[in-house]
J.: 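One structure, pasted below without further comment.
Computed from heavy atoms alone, side chains included, the values below leave out hydrogens, waters and symmetry copies. First the proteins, then the strands, lettered A, B, ... as listed; each starts at 1. None of the values given here were measured: they were computed from a predicted structure.
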Amino acid sequence: MDDAVGERLERLNSMLKRRGIILPAFEIHGGAAGLYDFGPLGGRLRNRVQQVWLEHWLSQGDITELSCPTITPYSVLEASGHVGEFSDFITTCVACEEAFRADTLLEECHSNPDSLSKDELAQELATHSPPCPNCRESEWGEVSAQNLMFNTRIGSGKSGRDGFIRPETAQGMFTNFQSLYRHFRQRLPFGAVQVGKGYRNEISPRQGMIRLREFNMAELEYFIDPEIEAKHDFTAWNSKEMRLVPDDGEEVLMSIPAALESGIIRHATVAWYMARTADLLENLGIDLGRLRFRQHVGAEMAHYASDCWDAEIHASYGWVECVGIAHRGCYDLSAHEQYTGQRLKAWRAWSTPKEIDVEIITSNAAVTGPAFRTQAGAVKQALEALNATPTEFPFTLQLEDGSEVEIEEQHVKTERRCETINGEWFTPHVVEPAFGIDRIIWHILDHAWTETEKKGEPYSLLKLSPSIAPLDVTVMPLFEKGGMEIIAGELHSSLCNTSGILSSYDASGSIGRRYARADEVGIPWAITIDHQSLEDKTATVRNRDTQQQIRVKINEIPNLIHSSSMINLF
RNA sequence: GCGGGUGUGGUGAAGUGGUAUCACCUGAGGUUUCCAACCUCAUGUCGUGGGUUCAAUUCCCGCCACCCGCACCA
């Protein structure tokens, strides 16, 4: 980061703190790394960003919203792979009690210590006795898993069980698959979204809001049938060129449908969500000139994923991953299915049912019962496991416990019949766009914050989209007397009583100072009640970004702002 | 986690072994016919815990936080 960027960043952070948008959390207690507050203005900003996000996806029509607990039982995250993936193994120097990552200590002695299990690490440490980087002694204590997830106990004492505070919102959508499948009347594709908090006990949170220990995330899981070619209408994006960085590393400028056509993007649904994500980010106020999609290279991609693109946004901290769009295949549903034994599948009806001859081999219980007594059950099981009908009798059959029995023709019953099969169960694939809301908000602020000059003085304004600005409008009487303050008070109150609108009333300081205050936090519209308002019931409306003013009838103002049509008058 | 830097009202800074200035901001009053004007007054600060000292915001140590680099993570 060069000096100019760093200095701008300092000024931006000062403003965000001074005006109550983003502040370090618990600061009066000394603060806590990786935790931030959205302050008096930031709280609503965050809420509106999440609202825009939700509406963007729900408008697609085949997506529903879930809300699941953040406290999650151990087995859920074990099944999902998080317990394994999110762990580092730690050991402690017996002499100086300093803790180190076990795999790092073994880098000199082993070609790939990262791949070792807990027990193998302990074994290797005992064999090689690497020196302590701190005190040079070489005796090591137990190896323990240090998890990046926050551990907790659900319940207390004996009845309690282990759990975590969730590291992502996704798992709740997978564990709810059956309910989603029913909700959508068993018809793919469909999706679920969830907006909420996620928690990761990062070793070193850095760069302000970029790496947090508690963060706002918003994820979408879109379930599809892998055998049906996805059909998406890309006409709106045909002529929109995007910066794409495919896994060969060369940035290209091309439209998303063209990249799909040429095979750079490997799946139509992934391409669809990339396009829709670009639209969303643009609506939120991200400068598309500073957005790119970067494809994960093979090694970076989780082993189950077949294609993964990050939306990266460029600002003070360079290129930062803010959205990940991954084709996760059937990994998640299969993992939970395997772990729980519950069927997490969808039914695919065939257009023409299949007629198949089936031959069923089983035991003739009336004969085998008396003949094999306690072994009769095992015999039945072994016979049914045969993949071909025996042709010669008697023959020797091996049972599950290893014992052998002599089978005669009378013990066996075979049945042939014709069955009609109408379809099959399959595990849907999932495309997952996952959004880091805090990172996006940070970049919205960074892109919106404009430093300029006014009469030779530094002047800053926040060019937030009216859809997410924490305050929609400010109402100010030119002077707080002569009746102007009454009209202004009434307008302010009427605006605040308009659904979805929040107004601020400001009567202190000169009018120029008040405009500056409003511009600094990005209030799109400033209404001034002046002497003329007393005569003709009009007021001036000022556009934040152009400083242009027009006169509007006071009683029309709430509706013009509510309907987002004020901009049309300018 | 390692190395370097920083911590003084809301913000940005100055300064000192004898408990602190300044500007802006904020609030009140006055003034003012639309872009940080002016006048008067007011609120509010040495990150935190130890140590040295008669006395620590200042010197020393630990901790916490922030920034930069490396490592890590995604």
Side-chain angles (χ1 to χ4, degrees), chain A residues 1-3 5-7 9-20 23-36 39-40 85-88 90 98-101 103-105 107 114 133-134 146 148 167-168 198 200-208 210-213 215 217 294 296 300-302 308 310 312 316-317 320-324 326 434 436 439 453-461 476-482 484 506-520 526-534 539-542 544 546-549 551:
Chain A
M1 182 184 303
D2 67 39
D3 289 352
V5 175
E7 284 163 20
L9 188 56
E10 275 179 34
R11 292 191 298 272
L12 172 55
N13 274 323
S14 292
M15 186 282 285
L16 293 173
K17 187 176 175 189
R18 180 164 39 80
R19 296 307 305 270
L23 320 89
F26 310 117
E27 212 186 9
I28 63 167
H29 282 269
L35 302 175
Y36 276 86
E85 286 293 314
F86 272 50
S87 293
D88 286 329
I90 300 290
E98 195 70 28
F100 295 93
R101 279 183 55 176
D103 57 341
T104 312
L105 290 168
E107 267 164 8
D114 197 33
N134 189 42
Q146 159 100 21
L148 281 168
E168 58 169 39
R200 293 180 194 177
N201 203 356
E202 295 286 351
I203 295 167
S204 71
R206 278 297 169 81
Q207 301 178 308
I210 304 298
R211 178 164 301 140
L212 298 169
R213 290 197 166 119
F215 46 93
M217 58 201 318
R294 195 179 62 81
H296 282 206
E300 184 179 17
M301 200 149 53
C308 185
D310 286 343
E312 299 183 328
S316 304
Y317 295 108
V320 173
E321 170 202 341
C322 293
V323 185
R439 288 183 174 188
E453 275 198 0
K454 201 161 173 177
K455 294 183 185 164
E457 295 285 313
Y459 195 91
S460 79
L461 62 161
M476 16 207 230
L478 190 55
F479 304 109
E480 207 172 26
K481 61 183 183 185
M484 288 181 271
D506 189 357
S508 90
S510 72
I511 196 75
R513 174 188 299 277
R514 285 179 266 166
Y515 285 139
R517 267 202 285 253
D519 288 345
E520 189 176 42
I527 317 288
T528 303
I529 306 297
D530 57 13
H531 295 85
Q532 193 182 328
S533 310
L534 296 168
T540 65
V541 177
R542 171 184 178 273
R544 175 194 67 204
T546 61
Q547 301 188 20
Q548 195 191 340
Q549 284 184 321
R551 286 205 84 88

J.: Let me spell it out: for each of A:Ser14 and A:Glu321, pick the nucleotide of RNA chain B with the closest heavy atom. Which residue's pick is nearer the 5' end?
T.: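 Mapping each residue to its closest nucleotide by heavy atoms, the 5'-most match is A:Ser14.
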
J.: What pair of heavy atoms forms the shortest contact from A:Ile210 to A:Arg439, and how long is it?
T.: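 Closest approach of A:Ile210 to A:Arg439: O-NE, 2.7 Å.
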
J.: Taking atom P in both B:A20 and B:U58, what distance in whole Å separates the two?
T.: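 Comparing P positions in B:A20 and B:U58 gives a spacing of 14 Å.
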
J.: Using the C1' atom in both, what is the distance from B:G17 to B:C22, to the nearest Å?
T.: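 Rounded to whole Å, the distance is 23 Å.
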
J.: Tell me, for nucleotides 28-44 of chain B in 5' to 3' order, what letter each nucleotide earns: B for a base near a protein heavy atom under 4.0 Å, S for only sugar-phosphate near one, - for neither?
T.: ----BBBBBB-------

J.: Whether the side chain of A:Arg211 and the base of B:C73 hold a donor-acceptor pair under 3.5 Å is what I'd like checked.
T.: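 Check passes, donor-acceptor contact within cut-off.
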
J.: Work out how far the P atom of B:G69 is from that of B:U57, and round it to whole angstrom.
T.: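 So the two P atoms sit 34 Å from each other.
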
J.: What's the closest nucleotide to the A:Arg18 side chain, out of B:G10, B:G12, B:C68?
T.: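 Of the candidates, B:G10 comes closest.
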
J.: Please name the pair of heavy atoms, one in A:Ser533 and one in A:Thr528, separated by the smallest distance, quoted to 0.1 Å.
T.: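 For A:Ser533 and A:Thr528, the tightest heavy-atom pair comes out as OG-O, 4.3 Å.
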
J.: Using whole Å, report how far CD of A:Glu7 lies from P of B:G12.
T.: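 Checked: the CD to P distance equals 13 Å.
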
J.: On a heavy-atom basis, which atom in A:Lys17 and which in A:Glu27 lie closest, and how many Å separate them?
T.: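 Result for this residue pair: NZ-OE2, 3.0 Å.
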
J.: Measure the distance from OH on A:Tyr36 to C1' on B:C67 and round it to the nearest whole Å.
T.: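 To the nearest whole Å, that distance equals 10 Å.
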
J.: So what stems show up for RNA chain B if we need 3 or more Watson-Crick or G-U pairs in a row, all under 3.5 Å?
T.: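 Only these stems qualify: B:1-7 with B:64-70, B:10-13 with B:21-24, B:26-30 with B:38-42, B:47-51 with B:59-63.
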
J.: Between A:Glu27 (CD) and B:U8 (C1'), how many Å, whole number?
T.: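 In whole Å, B:U8 C1' lies 14 Å from A:Glu27 CD.
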
J.: What does A:Gly20 touch in the nucleic acid at a heavy-atom separation under 4.0 angstrom: a base, only the sugar-phosphate, or nothing?
T.: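 Answer is nothing: A:Gly20 stays at 4.0 Å or more from every strand.
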
J.: B:A65 P sits how many Å from A:Leu23 CG, rounded?
T.: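 Between P of B:A65 and CG of A:Leu23: 17 Å.
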
J.: Are A:Arg542 and A:Asp519 ion-paired here, with the side-chain N under 4.0 Å from a carboxylate O?
T.: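 The answer is yes: the pair qualifies as a salt bridge.
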
J.: From CD of A:Gln207 over to P of B:C73, roughly how many Å is that when rounded to an integer?
T.: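 Interatomic distance, CD of A:Gln207 to P of B:C73: 15 Å.
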
J.: Just checking A:Arg19: base, sugar-phosphate only, or nothing, at a heavy-atom cut-off of under 4.0 Å?
T.: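 A:Arg19: no heavy atom of the nucleic acid under 4.0 Å.
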
J.: How many whole angstroms separate atom CG of A:Leu35 from atom P of B:C64?
T.: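 Atom-to-atom, A:Leu35 to B:C64, this comes out as 14 Å.
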
J.: Looking only at atom P, what distance separates B:U11 and B:C67, rounded to whole Å?
T.: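 Roughly 15 Å separates the two P atoms.
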
J.: Looking only at heavy atoms, what is the nearest atom pair of A:His296 and A:Asp310, with distance?
T.: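 Residues A:His296 and A:Asp310, closest heavy atoms: NE2-OD2, 2.8 Å.
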
J.: Send over the distance from A:Ile210 CD1 to B:C67 P, rounded to a whole Å.
T.: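 Those two atoms, CD1 and P, are 10 Å apart.
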
J.: Given the C1' atoms of B:G44 and B:U21, what is the spacing between them in whole Å?
T.: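 Per the computed distance, 14 Å lies between those C1' atoms.
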
J.: What distance, rounded to whole Å, do you find between the two C1' atoms, one in B:G9 and one in B:G15?
T.: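 Looking at atom C1' only, B:G9 and B:G15 are 15 Å apart.
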
J.: Would you kindly compare A:Glu10 and A:Gly34 by the position of their nearest RNA chain B nucleotide and give the one closer to the 5′ end?
T.: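 So the residue in question is A:Glu10.
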
J.: With C1' as the reference atom in both, quote the distance from B:U19 to B:C61 in angstrom, rounded to an integer.
T.: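 Those two atoms are separated by 22 Å.
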
J.: For A:Lys17 and B:G12, give me the distance from atom NZ to atom C1', rounded to whole Å.
T.: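 Value for this atom pair: 12 Å.
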
